[in-house]
Structures are given as structure tokens and as C-alpha cells.
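As C-alpha cells, the structure follows; a few thoughts come after it.
Throughout, residue positions are numbered sequentially from 1 according to the sequence presented. Just the heavy atoms: all of them, side chains too, but no hydrogens, waters or symmetry mates, feed the values below.
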Amino acid sequence: MAEALVTAETELEVQFQDCDPVEIVWHGNYFRYFEAARAALLRKIDYDYPVMRASQVVWPVVEAHVRFARPLRYGQRIRVRAGLVEWENRMKIQYRVAEAESGTRVTTGYTVQCAVDVRTWEIQWVSPPDLLERLKAWL
């Protein structure tokens with residue numbers, strides 16, 4: 001994982017409905033795990049989704065990448081870490097999913113999000129002042 005300005009972590013248990021017929025986590029569910037850690041990260045910097053919306057900005061995911069190293073199975077406890085590595089013109093958040101007990105890496109990935117003005121639905125090519133103000137404490 002690249003050097004992150006700020007990180008947050010959450011612990012989850014793999015749920016039955018996350019698994020496919022082969023009894024491993026279906027690949028699309030990893031993005032839900034990423035989202036849980038991303039939400040924890042955004043709350044940590046006081047820039048959670050309601051705050052974004054109130055500032056007339058939303059941040060859709062425009063790019064996503066995931067690399068699987070080991071499968072997850074029902075009932076496993078996992079720790080998902082999110083780290084903000086870019087924030088000036090977009091938000092790039094890197095993720096690491098690991099077995100909670102052993103710390104063994106299971107999956108890594110990243111998402112890229114761009115600010116969009118909800119009044120015009122136009123992409124903003126710089127991060128809004130609300131985000132940058134909240135990040136001052138971490139710089």
C-alpha cells in the first residue's frame with residue numbers, strides 16, 4: 001500500500017449471503033468490504049456522505065481495481081484497511097483485506113472517485129474546499 005495521508009480500519013465477518021455456490025466469497029462482494037472501510041475513513045475525517053451531499057458534492061467511483069490473493073469463506077473475520085493516497089484532484093483510496101486473526105493478506109485494491117457538483121452534474125477537476133479543509137489536520 002502506498003503512503004497514505006490518513007487510514008481507517010474496520011473488522012467484519014463474512015456473511016453466508018456473500019458466498020457463491022463454491023462456498024467462497026463472490027468477487028463482487030469485496031467492493032462492499034472496501035465500502036465499509038471507505039465509510040470509516042470518511043467518518044474519521046468528518047467527510048461522510050451526508051456532509052458531502054450537504055456541500056452539494058457527490059463522489060462517484062470512476063475506477064476500481066482489485067487483486068485477489070486468497071479466498072474468503074463464510075464466518076471468517078476480516079480486517080479491511082482504507083488509506084487515502086490522493087486527494088487534490090480526485091480521491092484515490094487503497095484497500096487491504098486481511099484475515100483478522102493472522103493478519104494474512106487476502107485482497108488488495110483501490111478506488112478512484114471524482115467530485116461532481118450536484119447542481120450541474122459536472123465533474124469538478126479539483127477537490128472542493130470542504131474536503132481540503134478537513135484534511136488540513138492530517139497534512
For residues Tyr30 and Tyr95, establish whether the separation of their ring centroids is below 6.0 Å.
no

Hey, could you give me the [atom1]/[atom2] distance between [X] and [Y], rounded to the nearest 0.5 Å?
| X | Y | atom1 | atom2 | result |
| --- | --- | --- | --- | --- |
| Asn29 | Asp20 | CG | CG | 9.0 Å |
| Thr7 | Lys44 | OG1 | NZ | 4.5 Å |
| Glu3 | Gln94 | CD | CD | 10.5 Å |
| Leu135 | Leu84 | CG | CG | 6.0 Å |
| Glu9 | Arg79 | CD | CZ | 5.5 Å |
| Ile123 | Asn89 | CD1 | CG | 12.0 Å |

[X], [Y]: one ILVMFWY side-chain cluster at the under-4.5 Å cut-off?
| X | Y | answer |
| --- | --- | --- |
| Phe34 | Val6 | yes |
| Ile93 | Leu12 | yes |
| Phe31 | Leu41 | yes |
| Ile45 | Val51 | yes |
| Val22 | Tyr74 | no |

Would the number of heavy atoms belonging to other residues, nucleotides or ligands and lying under 6.0 Å from [atom1] of [X] be above 12?
| X | atom1 | result |
| --- | --- | --- |
| Arg53 | CZ | no |
| Trp121 | CH2 | yes |
| Glu23 | CD | no |

Which residues satisfy the side chain to side chain donor-acceptor pair (under 3.5 Å) test with Tyr49, sequence neighbours excluded?
Glu35, Arg38

Any sub-3.5 Å donor-acceptor pair from Ser127's side-chain atoms to Leu132's backbone N or O?
no

N/O donor-acceptor pair under 3.5 Å between Asp130 side chain and Ser55 backbone:
no

Is there a side-chain contact (heavy atoms from CB on, under 4.5 Å) between Gln76 and Val106 once you walk through the steps?
CA-CA 11 Å; Gln76 273 187 285; Val106 174; 5.6 Å; no

Does Thr10 form a side-chain contact (heavy atoms from CB on, under 4.5 Å) with Tyr33? I'd like the steps, not just the answer.
CA-CA 9 Å; Thr10 190; Tyr33 305 153; over 6 Å; no

Between [X] and [Y], what is the shortest heavy-atom contact and its length?
| X | Y | answer |
| --- | --- | --- |
| Ala40 | Ala8 | C-CB, 3.7 Å |
| Arg90 | Cys114 | CB-SG, 4.3 Å |
| Val85 | Ala4 | CG1-CA, 3.9 Å |

Just distance, no hydrogens or angles: give the donor-acceptor pairs under 3.5 Å from side chains in residues 58-67, sequence neighbours left out.
| unit_1 | atom_1 | unit_2 | atom_2 | d |
| --- | --- | --- | --- | --- |
| Trp59 | NE1 | Tyr47 | OH | 3.1 |
| Glu63 | OE2 | Tyr110 | OH | 2.9 |

Sort and list the pairs that fulfil salt bridge (charged side-chain N to carboxylate O under 4.0 Å, His left out) and have at least one residue in residues 97-116, not counting sequence neighbours.
Arg70-Glu99

